[in-house]
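Fair warning: this is a prediction, and the values are worked out from it, not measured in the lab. Residue numbering restarts at 1 for every chain, and letters A, B, ... go by the order of the sequence lines.
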Protein chains: 2
Amino acid sequence: MTIRDRQYALDDVSRAIIEQLQEDGRRPYARIATAVGLSEAAVRQRVQRLVDAGVMQIVAVTDPLHPGFSRQAMVGVRTSGDVRAVADTLAALPEVDDVVITSGSLDVLAEVVCEDDDQLPDVVARIRAVEGVTSTETFLYLGLRRQTYARGTPHRGPLSAVPEE
Amino acid sequence: MTIRDRQYALDDVSRAIIEQLQEDGRRPYARIATAVGLSEAAVRQRVQRLVDAGVMQIVAVTDPLHPGFSRQAMVGVRTSGDVRAVADTLAALPEVDDVVITSGSLDVLAEVVCEDDDQLPDVVARIRAVEGVTSTETFLYLGLRRQTYARGTPHRGPLSAVPEE
DNA sequence: GGTGAAAGCTAATAGGG
DNA sequence: CCCTATTAGCTTTCACC
């Protein structure tokens, strides 16, 4: 068992540190320390542990629909046999940037990034050729309405209402 | 028109800088400068511009399936009328962390994060109650196989082959 | 847009509770 | 697992190209 697999219980301080870094990944440890009520060294240790444990990463993320970039799509996959084997194979494709195993009418969701439109059918064909893939469904990205980086960190507070019109 | 909307053409140097920061968002500018062949000050300016233009953010991202976190699902939505209005409404829900407008058999993909399993049906109900939503399909996340942060930055190089078994 | 150098701050380390 | 203190290194700002 590597350190990456070990469970790490998150207390409120670690959550607060994560929130700080979700706002700005380069925020100085000293400023985070003041915000969460710890010393600078303690914050750095916690960040180190969180990253080592695989709980968090600090990285650059780009706007997927920026003109300088590329065409993107979600490919839903139905499988026969072991879903995990299929998911692993898809995850190994360099054009695939995200693979999730799901329950529902699709077994795997694979997010695909291409350099241009022409490449997409090719990537989809490659996905369909994978052993265990029975069918696919492609959802081309037309617009992004929201992209938070709080993936995995739930909204705290009362359940939301549907905003009035 | 705000600066965020302005187009920003990406040259190879900016791409290289983004790649560096996708590996480690806290990598010192001095090290990035050596890697991409610019001065430290120039790198910092470029990063600033990329962030100001909305091309890139440097943030903490968490493992959505870590035990310390929560239940996550993708909710596919079919709509009538203006998809964008629906997407905007969904994006305003705090439990929704990602909203993409797509072409295909689903019009919108909304990624949802809940504190626990009980909350999920509630959030889905709230989505179904949105004006213009005709039906939804929920894909509960069971496992994550891959999560890169190269979203939007396509793989460079020859098209991949399906890995051999 | 790019450079280079000085000044101020931040990060990493070591030592101790 | 947290703190303080020190040193090395990073970031920032500026004048200049």
Side-chain angles (χ1 to χ4, degrees), chain A residues 1-63 66-69 149 152-153, chain B residues 1-63 66-69 149 152-153:
Chain A
M1 186 191 258
T2 67
I3 192 170
R4 216 195 171 287
D5 302 315
R6 195 157 20 107
Q7 181 165 343
Y8 184 85
L10 292 174
D11 60 13
D12 288 342
V13 178
S14 288
R15 288 199 134 87
I17 292 173
I18 292 172
E19 268 171 45
Q20 293 283 321
L21 289 167
Q22 278 173 340
E23 282 174 28
D24 176 8
R26 286 189 89 96
R27 185 163 293 170
Y29 290 135
R31 222 180 113 195
I32 299 171
T34 332
V36 307
L38 277 188
S39 76
E40 190 186 319
V43 170
R44 203 172 325 102
Q45 279 172 37
R46 282 199 183 230
V47 170
Q48 194 66 54
R49 264 181 274 132
L50 288 166
V51 171
D52 287 348
V55 176
M56 174 181 79
Q57 291 185 45
I58 302 167
V59 287
V61 291
T62 52
D63 175 3
H66 182 83
F69 295 127
Y149 307 101
T153 45
Chain B
M1 184 191 261
T2 69
I3 193 170
R4 216 193 171 286
D5 302 315
R6 196 158 19 107
Q7 179 165 344
Y8 184 85
L10 293 175
D11 60 12
D12 289 341
V13 178
S14 288
R15 289 200 133 88
I17 292 173
I18 292 172
E19 270 171 43
Q20 293 282 321
L21 289 168
Q22 278 172 339
E23 283 174 27
D24 175 8
R26 286 189 90 94
R27 185 162 294 169
Y29 290 135
R31 225 180 109 194
I32 298 172
T34 332
V36 307
L38 273 189
S39 75
E40 194 186 317
V43 170
R44 203 170 321 102
Q45 279 174 44
R46 283 200 182 229
V47 170
Q48 194 65 53
R49 262 182 276 133
L50 289 166
V51 170
D52 287 348
V55 176
M56 171 180 80
Q57 290 185 45
I58 302 169
V59 288
V61 291
T62 53
D63 174 2
H66 181 82
F69 295 127
Y149 307 100
T153 46

Asks: Would you kindly give the CG-to-P distance between Leu50(B) and dG1(C), to the nearest whole Å?
Replies: 11 Å
Asks: Give one of base, sugar-phosphate or nothing for Arg31(B), where a contact means two heavy atoms less than 4.0 Å apart.
Replies: nothing
Asks: Rounding to an integer number of Å, can you tell me how far Gln20(A) CD sits from dT10(C) P?
Replies: 14 Å
Asks: Please write out the pairs of protein N or O atoms and N or O atoms of nucleotides 2-8 of chain C separated by less than 3.5 Å, giving the distance to one decimal.
Replies:
{"residue": "dG2(C)", "atom": "OP1", "partner": "Arg46(B)", "partner atom": "NE", "Å": "3.3"}
{"residue": "dG2(C)", "atom": "OP1", "partner": "Arg46(B)", "partner atom": "NH2", "Å": "2.6"}
{"residue": "dG2(C)", "atom": "OP2", "partner": "Arg49(B)", "partner atom": "NH2", "Å": "3.4"}
{"residue": "dT3(C)", "atom": "OP2", "partner": "Ser39(B)", "partner atom": "N", "Å": "3.0"}
{"residue": "dT3(C)", "atom": "OP2", "partner": "Ser39(B)", "partner atom": "OG", "Å": "2.6"}

Asks: Drop me the distance from Gln48(B)'s CD to Met56(B)'s CE, to the nearest 0.5 angstrom.
Replies: 9.5 Å
Asks: May I ask you to test the Thr62(A)-Gln22(B) pair for a side-chain heavy-atom distance under 4.5 Å?
Replies: yes
Asks: Atom CD1 of Ile32(B) to atom P of dG9(D): distance rounded to whole Å?
Replies: 18 Å
Asks: Check the distance between dA11(C)'s C1' and Tyr29(B)'s OH and give it to me in whole angstrom.
Replies: 15 Å
Asks: Checking Arg26(B) against Tyr29(A): charged group under 6.0 Å from the ring centre and within 45 degrees of the axis?
Replies: yes
Asks: With pairs taken as Watson-Crick or G-U wobble and both distances under 3.5 angstrom, which stems of at least three consecutive pairs involve DNA chain C?
Replies: C:3-17 with D:1-15
Asks: Quick one: is Arg44(A) getting a side-chain N or O under 4.0 Å of the dT10(C) phosphate, OP1 or OP2?
Replies: no
Asks: Heavy-atom distance under 4.5 Å between the side chains of Asp63(B) and Val55(A), does that happen here?
Replies: no
Asks: Do Val43(A) and Gln20(A) make a side-chain contact, defined as non-hydrogen atoms from C-beta onward lying under 4.5 Å apart?
Replies: no
Asks: Any non-hydrogen side-chain atom of Leu10(B) less than 4.5 Å from a side-chain atom of Leu50(B)?
Replies: yes
Asks: For the pair made of CG in Leu10(A) and P in dC1(D), what is the distance, rounded to whole Å?
Replies: 12 Å
Asks: In whole Å, what is the span from the CG atom of Leu21(A) to the P atom of dA11(C)?
Replies: 11 Å
Asks: Using atom CG of Asp24(A) as one end and atom P of dT11(D) as the other, report the distance to the nearest whole Å.
Replies: 12 Å
Asks: Taking C-beta and beyond as the side chain, do Val59(B) and Asp24(A) meet within less than 4.5 Å on heavy atoms?
Replies: no
Asks: For Asp11(B), is there an ion pair with Arg46(B) - N to carboxylate O distance below 4.0 angstrom?
Replies: yes
Asks: Give the rounded distance in Å between these two atoms: CD of Gln48(A) and P of dC2(D).
Replies: 14 Å
Asks: Do NZ/NE/NH1/NH2 and the carboxylate oxygens of Arg27(A) and Glu23(A) come within less than 4.0 Å?
Replies: yes
Asks: Using atom P in both nucleotides, what's the gap between dG1(C) and dC16(D) to the nearest angstrom?
Replies: 22 Å
